[in-house]
Amino acid sequence: MGMITAEMVKVLRERTGAGMMDCKKALTETDGDMEKAVDFLREKGLAAAAKRAGRVAAEGVVEAYIHGAGRIGVMLELNCETDFVAKTDDFKALAKDLAMQVAASNPGYVRREEVPAEIIAHEREVLKAQAMNEGKPANIAEKMVEGRIEKFYKENCLMEQPFIKDPDTTVTQLITAKIAKIGEHISVRRFVRYQLGEGIEKKSADFAAEVMATVKNC
């Protein structure tokens with residue numbers, strides 16, 4: 001297989017509007033054949049989804065999910081482009097799934113760009129100290145820190161979390177697939193999660209595990 005160059009990725013992005021990593025994967029899967037790579041992206045629905053990413057999505061729903069007789073409450077705003085799509089069963093089901101995802105996985109942010117820089121700086125400092133205390137050389141410690149920061153994003157950012165109903169799929173991939181199916185740009189704007197007694201010292205209860213059990217029974 002020939003080398004996949006940055007120029008090839010750039011050309012494919014310009015032709016399809018798909019993301020850089022998706023273009024690189026498409027070229028890799030098709031041994032660098034540009035036309036086959038375009039077909040690969042079309043089959044996956046990724047090109048269409050990416051092209052819709054810039055559209056205004058101001059319609060949608062605010063989904064509310066209450067778990068365990070009021071012990072966890074989530075409100076999540078999911079946007080789409082039209083009121084018509086907002087009323088479809090597919091869109092409403094996606095909003096409910098995402099609200100349950102927030103209840104079960106307790107993310108702090110929608111996407112990694114929202115994590116304050118001081119939070120990441122603090123995490124880097126702590127993780128680097130951990131790695132050094134483990135006796136790792138400085139260059140190895142730096143690589144470990146980067147890997148652990150990526151793990152931090154995956155645990156704390158909704159869009160990067162594994163979807164609770166299918167852990168092999170991320171929330172981003174779930175939404176991308178829905179965009180390809182529904183035909184409109186879809187975006188999580190915000191959410192808020194309340195947990196009974198949060199911040200008050202008391203006997204701990206694994207509410208997240210309870211929500212996961214509920215999901216499996218849906």
Side-chain angles (χ1 to χ4, degrees), residues 4 6 9 13 18-25 28 46 49-50 53 65 67-68 71-78 97-177 186-216:
I4 306 302
V9 174
R13 285 197 71 187
M20 182 178 67
M21 295 307 296
D22 290 326
C23 288
K24 185 175 180 180
K25 181 179 180 182
T28 302
L46 296 173
Y65 172 70
H67 174 78
R71 286 182 295 171
I72 297 179
V74 172
M75 293 182 71
L76 178 141
E77 181 177 346
L78 183 66
D97 281 345
L98 293 174
M100 293 184 76
Q101 172 86 25
V102 172
S105 300
N106 194 15
Y109 312 91
V110 176
R111 42 188 68 81
R112 67 168 59 194
E113 292 80 5
E114 298 173 5
V115 183
E118 56 268 28
I119 296 290
I120 295 301
H122 177 71
E123 285 296 316
R124 284 186 189 282
E125 188 177 326
V126 172
L127 294 172
K128 186 174 182 179
Q130 285 179 352
M132 297 298 284
N133 288 337
E134 292 170 8
K136 307 296 182 184
N139 61 327
I140 300 297
E142 287 293 339
K143 291 181 180 177
M144 290 176 66
V145 168
E146 291 308 313
R148 290 173 180 177
I149 288 293
E150 284 300 312
K151 184 181 178 186
F152 173 87
Y153 284 131
K154 290 176 181 175
E155 290 176 346
N156 292 281
C157 299
L158 173 64
M159 297 298 290
E160 303 194 24
Q161 290 183 332
F163 178 40
I164 52 176
K165 290 185 174 179
D166 178 9
D168 293 331
T169 299
T170 66
V171 171
T172 292
Q173 290 170 331
L174 170 70
I175 293 176
T176 298
I186 298 172
S187 175
V188 179
R189 183 183 182 200
R190 54 189 169 178
F191 63 78
V192 61
R193 179 185 188 275
Y194 292 107
Q195 182 167 316
L196 186 65
E198 195 169 32
I200 301 173
E201 188 173 348
K202 61 183 179 60
K203 183 180 179 181
S204 63
D206 194 348
F207 291 151
E210 288 184 20
V211 178
M212 288 294 286
T214 302
V215 168
K216 290 177 181 176

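Note that the structure is predicted; figures quoted are calculated from it, not measured.
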Does Arg193 use its side chain to pair, donor to acceptor, with the backbone of Ala103 at less than 3.5 Å?
yes

I'd like to check Leu98 versus Leu174 (side-chain heavy atoms, cut-off strictly below 4.5 Å). Are they in contact?
yes

Working to the nearest 0.5 angstrom, can you tell me the gap between Gln130 CD and Arg148 CZ?
5.5 Å

Can you tell me which residue pairs pass the salt bridge (charged side-chain N to carboxylate O under 4.0 Å, His left out) test with a partner in residues 115-126, sequence neighbours excluded?
Arg124-Glu146

Among residues at least two apart in sequence or on other chains, which ones pass side-chain contact (heavy atoms from CB on, under 4.5 Å) with Asp97?
Phe163, Lys165

Output yes when a side-chain donor or acceptor of Glu114 lies under 3.5 Å from a complementary backbone atom of Val110, and no otherwise.
yes

List in chain and number order the residues that pass side-chain hydrogen bond (donor to acceptor under 3.5 Å, both in side chains) with Lys128, two or more places apart in sequence or in another chain; answer none if no residue qualifies.
Glu142

Non-hydrogen side-chain atoms of Leu127 and Phe152 separated by less than 4.5 Å
no

Within the side chain of Gln161, is there an N or O that forms a donor-acceptor pair under 3.5 Å with the backbone of Lys154?
no

Could you tell me whether the side chain of Ile175 reaches within less than 4.5 Å of the side chain of Val188, counting heavy atoms only?
yes

Excluding sequence neighbours, so at least two apart, what forms side-chain hydrogen bond (donor to acceptor under 3.5 Å, both in side chains) with Asp168?
none

So how far is it from Gln101 CD to Asn106 CG, rounded to the nearest 0.5 Å?
11.0 Å

If the condition is side-chain contact (heavy atoms from CB on, under 4.5 Å), which residues does Glu150 pass it with, not counting sequence neighbours?
Arg112, Tyr153

Shortest non-hydrogen contact from Gly108 to Phe191?
C-CZ, 4.1 Å

Taking side-chain contact (heavy atoms from CB on, under 4.5 Å) as the test, write out the residues that go with Lys25, two or more places apart.
Glu29

With Glu113 via side-chain contact (heavy atoms from CB on, under 4.5 Å) - residues at least two apart
Arg111

Could you pull out the closest heavy-atom pair between Pro107 and Leu158, with the gap in Å?
CB-N, 3.7 Å

Any side-chain heavy atom of Glu160 sitting closer than 4.5 Å to one from Thr170?
no

